[in-house]
Protein chains: 2
Amino acid sequence: MLEWLKEPEIHFPDQLQHAGFEHGVCVGQIQAKAGLTQSTVSEYLSILQRAGFIEAKRVGQWTYYKRNEGAFEALSKLIQTNL
Amino acid sequence: MLEWLKEPEIHFPDQLQHAGFEHGVCVGQIQAKAGLTQSTVSEYLSILQRAGFIEAKRVGQWTYYKRNEGAFEALSKLIQTNL
DNA sequence: TTGGCATATCGGGAAAAGTCGATATCTTTG
DNA sequence: CAAAGATATCGACTTTTCCCGATATGCCAA
C-alpha cells in the first residue's frame with residue numbers, strides 16, 4: 001500500500017475521474033486493489049497513520065490517505081544512526 | 001542485541017578477558033545479558049544471521065556473532081529509495 | 001429526518017511469532 | 001573414546017498479529 005501511494009495516478013487510475021490526488025487516495029480504492037475486506041484495510045490504514053507513515057484527510061464521506069515522506073526519511077536515518 | 005553488538009567492549013566487558021572482539025561476541029555472553037534461555041537466544045541469532053544482519057564465526061566450541069554493517073546501510077537505502 | 005453510502009470500531013477465530021525445556025551436535029580435554 | 005561445555009535444533013505452549021463479519025458512526029441527498 002505504501003508503494004501504491006507513492007504513485008497514485010498509476011495505481012489508482014479510477015479515482016482520477018472523481019477526485020484528484022491532492023489529499024491522497026480514499027479507502028475504497030485501496031481496499032479494491034488490496035483484495036482484503038473493508039474493515040481490514042481501514043484498520044491497517046489507521047495503524048499506518050498512528051505510526052506516522054501516512055496522513056488522513058476527511059472530505060465529505062471519504063477519507064483520503066497520503067504518504068508522509070518525512071517519516072520514511074526519518075526511519076531511514078534512524079536505521080543509519082541508531083541501529 | 002544489535003545495539004549491544006555495536007559496542008561490544010562496553011556491553012560485554014567479561015569477554016575481553018577471554019577473547020577479543022575480532023570475531024564478535026559469543027552466544028553465552030549475549031544470552032546472559034538478554035535474560036532469555038540459551039535456545040531462544042541461539043535461534044534469534046541464527047534468524048538475524050539468515051537475514052544478513054549479523055555474521056557468525058565458529059572458533060572452537062564458541063560461535064561469535066558480529067554485525068554486518070553493510071546490511072544496515074542497505075536497509076536504510078532501501079527504505080529511502082524503494083519504500 | 002430518513003435511507004444509503006463510505007469509513008471506523010468491535011469481538012472472535014486463525015495464523016504466525018516468541019519462548020521454553022529437552023535433546024542433539026560439535027568441540028576440546030583427559 | 002568418554003565426559004563436559006557451548007551451541008543448535010526440536011516439539012509444545014503461550015502470546016501476538018492478521019483478518020474477517022457484524023455493527024456503529026459520520027455524511028450526504030431526497
Side-chain angles (χ1 to χ4, degrees), chain A residues 1-5 8-9 11-68 71-72 75 79 83, chain B residues 1-5 8-9 11-68 71-72 75 79 83:
Chain A
M1 290 183 193
L2 293 172
E3 291 181 351
W4 294 343
L5 291 176
E9 57 288 340
H11 296 104
F12 304 98
D14 291 3
Q15 182 173 308
L16 194 51
Q17 304 165 339
H18 313 296
F21 295 112
E22 324 80 45
H23 299 126
V25 181
C26 72
V27 179
Q29 295 282 328
I30 298 170
Q31 190 225 320
K33 195 173 173 70
L36 297 169
T37 64
Q38 187 274 323
S39 61
T40 298
V41 172
S42 175
E43 187 181 0
Y44 190 8
L45 289 170
S46 92
I47 289 170
L48 287 173
Q49 184 199 6
R50 283 197 298 278
F53 290 111
I54 59 179
E55 294 167 356
K57 168 83 175 175
R58 183 98 198 198
V59 178
Q61 37 188 4
W62 294 278
T63 305
Y64 295 92
Y65 286 98
K66 69 172 174 189
R67 291 167 55 100
N68 174 15
F72 296 93
L75 177 60
I79 289 170
L83 206 69
Chain B
M1 289 183 193
L2 293 172
E3 292 181 350
W4 294 343
L5 290 177
E9 57 288 337
H11 297 104
F12 304 98
D14 291 3
Q15 182 175 307
L16 194 53
Q17 304 165 340
H18 312 296
F21 295 112
E22 324 81 47
H23 299 125
V25 181
C26 71
V27 179
Q29 294 282 327
I30 298 171
Q31 190 227 322
K33 194 173 175 70
L36 297 169
T37 62
Q38 188 272 325
S39 61
T40 298
V41 172
S42 174
E43 186 180 1
Y44 190 9
L45 289 170
S46 90
I47 290 170
L48 287 173
Q49 184 200 6
R50 282 196 298 277
F53 290 110
I54 58 179
E55 294 167 355
K57 167 83 177 178
R58 183 98 199 199
V59 178
Q61 37 189 1
W62 296 278
T63 305
Y64 294 92
Y65 286 98
K66 69 173 174 186
R67 289 167 57 100
N68 174 15
F72 296 94
L75 178 60
I79 289 169
L83 205 71

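Every chain is numbered from 1, with letters handed out A, B, ... down the list of sequences. These numbers were taken from a predicted model, which means no experiment stands behind them.
- Rounded to whole angstrom, the span from the CD atom of Gln15(A) across to the P atom of dT7(C) amounts to 9 Å.
- As a whole-Å value, the separation of Asp14(B) CG from dA6(D) C1' is 16 Å.
- Using a 4.0 Å cutoff on non-hydrogen atoms, the parts of residues 19-28 of chain B near DNA chain D are Cys26(B), Val27(B), Gly28(B), ordered by number.
- Atom CD of Gln31(A) is separated from atom P of dT9(C) by 16 Å (rounded to the nearest Å).
- Rounding to the nearest 0.5 Å places CD1 of Ile79(B) at 11.0 Å from CG of Leu2(A).
- For Ser39(A) and Ser42(A), the side-chain atoms include no donor-acceptor pair closer than 3.5 Å.
- As a whole-Å value, the separation of His18(A) NE2 from dC5(C) C1' is 14 Å.
- Backbone-only engagement by Tyr65(B) is indicated by non-hydrogen atom pairs under 4.0 Å involving sugar-phosphate atoms exclusively.
- What separates CG of Leu45(A) from P of dT9(C) is a distance of 12 Å, to the nearest Å.
- The distance from atom CD1 of Ile30(B) to atom P of dA6(D) is 15 Å, rounded to the nearest whole Å.
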Throw together a table of side-chain donor-acceptor distances under 3.5 angstrom for residues 51-62 of chain B, partners on residues two or more places apart or in other chains.
unit_1, atom_1, unit_2, atom_2, d
Arg58(B), NE, Gly60(B), O, 3.1
Arg58(B), NH2, Gln61(B), O, 3.3

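- Note that CG of Leu83(A) is 6.0 Å distant from CZ of Arg67(B), once rounded to the nearest 0.5 Å.
- Relative ring orientation between His11(B) and Trp4(B) is described as tilted, the plane-to-plane angle lying within the 30° to 60° band.
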Reading nucleotides 11-30 of chain C from 5' to 3' and marking B where a protein heavy atom lies under 4.0 Å of the base, S where only the sugar-phosphate is that close, and - otherwise, the string is --------BBBB----BS--
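- As judged by a 4.0 angstrom heavy-atom cut-off over every strand, Ser42(B) is placed among the base-contacting residues.
- Once rounded to the nearest 0.5 Å, the distance linking OH of Tyr65(B) with CE of Met1(B) reads 11.0 Å.
- To the nearest 0.5 Å, the span separating CD on Gln29(A) from CG on Leu5(A) amounts to 11.5 Å.
- Of the residues listed (Thr63(A), Ile30(A), Leu45(A)), the one engaging Val25(A) in a side chain to side chain contact (heavy atoms under 4.5 Å, CB included) is Ile30(A), and it is the only one.
- The shortest non-hydrogen separation linking Phe21(A) to Pro8(A) is CD2-CB, 3.5 Å.
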